[in-house]
Amino acid sequence: HAKAFEALVKATPEQVAKAAEKLGITVEGKASENPSCLMCHVTGHGQEGGYTAEKGKKDMTDSVTCEACHGAGSLHMKAKKEDKAKTIVGKPVEAHCLNCHTKIMSPEFNFEEYVKKGVHESFKKK
């Protein structure tokens with residue numbers, strides 16, 4: 001997830017064209033500037049409180065962050081103490097992942113296996 005935006009930046013025109021064809025969309029210009037690509041490669045892109053794609057940022061807000069799976073931290077922080085648990089998704093479900101990890105773009109995606117591996121593993125290595 002941490003390199004999702006970087007993948008768009010590094011994508012060749014051929015890779016972009018192939019992905020666009022698979023999805024049945026038109027991508028004009030750079031993938032890293034296209035809303036159709038950014039909606040899965042940058043958390044909350046185009047949504048209120050979502051992140052913008054800014055190549056080179058050091059705070060990971062230009063990629064897929066914790067909030068993509070667990071919900072907006074800003075809502076959690078603003079909530080009353082008794083409501084905080086309702087604003088965060090403790091254990092994301094497969095249906096949420098399938099918004100971006102579609103059969104077309106992620107044919108090998110296996111929710112059960114990814115949960116076992118855990119996306120959190122990459123943070124432990126730092």
Side-chain angles (χ1 to χ4, degrees):
H1 285 151
K3 296 186 186 251
F5 179 69
E6 186 179 331
L8 292 181
V9 172
K10 291 181 176 181
T12 66
E14 294 79 20
Q15 290 169 319
V16 173
K18 185 177 178 181
E21 183 179 345
K22 279 180 158 181
L23 291 169
I25 63 171
T26 301
V27 175
E28 294 180 7
K30 298 176 182 177
S32 60
E33 297 173 3
N34 189 288
S36 295
C37 303
L38 293 170
M39 63 188 229
C40 283
H41 286 259
V42 176
T43 300
H45 184 78
Q47 299 173 7
E48 184 179 342
Y51 297 117
T52 58
E54 297 178 40
K55 185 180 176 194
K57 285 183 80 173
K58 302 289 186 211
D59 62 3
M60 283 186 47
T61 59
D62 62 350
S63 209
V64 177
T65 67
C66 307
E67 293 181 350
C69 303
H70 296 286
S74 60
L75 298 177
H76 181 72
M77 295 303 291
K78 291 177 187 175
K80 294 178 185 175
K81 186 175 182 178
E82 61 270 16
D83 295 329
K84 285 192 181 290
K86 298 176 197 168
T87 63
I88 291 293
V89 177
K91 293 185 178 183
V93 296
E94 182 177 22
H96 183 78
C97 303
L98 295 176
N99 289 318
C100 292
H101 290 280
T102 64
K103 295 274 184 214
I104 294 170
M105 294 309 295
S106 299
E108 304 295 318
F109 182 76
N110 180 315
F111 181 74
E112 290 79 22
E113 291 301 315
Y114 279 81
V115 169
K116 285 179 194 173
K117 289 183 197 175
V119 275
H120 301 114
E121 290 301 313
S122 62
F123 295 109
K124 292 178 185 174
K125 293 176 185 174
K126 291 182 179 181

Rounded to the nearest 0.5 angstrom, the NZ-NZ distance for K10 and K3 is 6.5 Å

May I ask you to decide if the ring planes of H101 and H1 are parallel, tilted or perpendicular, using 30° and 60° as cut-offs? tilted

C37 and A31 have their tightest heavy-atom pair at CB-O, 3.4 Å

*asked:* When you measure from the side chain of E33 to the backbone of K30, do you find a donor-acceptor pair of N or O atoms at a distance under 3.5 Å?
replied: no

message = Please determine whether residues M39 and L8 belong to a single hydrophobic cluster, defined as Ile, Leu, Val, Met, Phe, Trp and Tyr linked transitively by side-chain heavy-atom distances below 4.5 Å.
response = no

Original post:
Does a side-chain N-to-carboxylate-O contact under 4.0 Å join K80 and D83?
Top reply: no

_Test your reading of the model: is there a side-chain donor-acceptor pair from T65 to the backbone of T43, 3.5 Å cut-off?_
no

- Item | Hydrophobic cluster membership, V16 vs I104, 4.5 Å side-chain cutoff | yes

Between I25 and V27, the two heavy atoms sitting closest are CD1-CG2, 3.8 Å

Quick check on E112: does its CD atom have over 12 non-hydrogen neighbours (other residues, nucleotides or ligands) under 6.0 Å away? yes

Note: V64 and C40 closest approach over all heavy atoms is CG2-O, 3.4 Å

Give a yes or no on this: more than 12 heavy atoms of other residues, nucleotides or ligands lie within 6.0 Å of atom NZ of K84.
yes

* Please test F5 against L38 for side-chain contact (heavy atoms from CB on, under 4.5 Å), starting from the C-alpha separation and ending with a verdict. => CA-CA 8 Å; F5 179 69; L38 293 170; 3.8 Å; yes

Heavy-atom closest pair (P92 atom, H70 atom, distance to 0.1 Å) is CD-CE1, 3.7 Å

*Assess whether atom CD of E94 is packed by more than 12 heavy atoms of other residues, nucleotides or ligands within 6.0 Å.*
yes

Taking the side chain as every heavy atom from C-beta outward, state whether F109 and L98 have any pair of such atoms under 4.5 Å apart.
yes

Looking only at heavy atoms, the pair that brings S32 and V9 closest together is CB-CG2, 3.9 Å

So NZ of K86 and CG of L75: to nearest 0.5 Å the spacing works out to 14.0 Å

Heavy atoms of A19 and M105 approach each other most closely as CB-CE, 3.8 Å

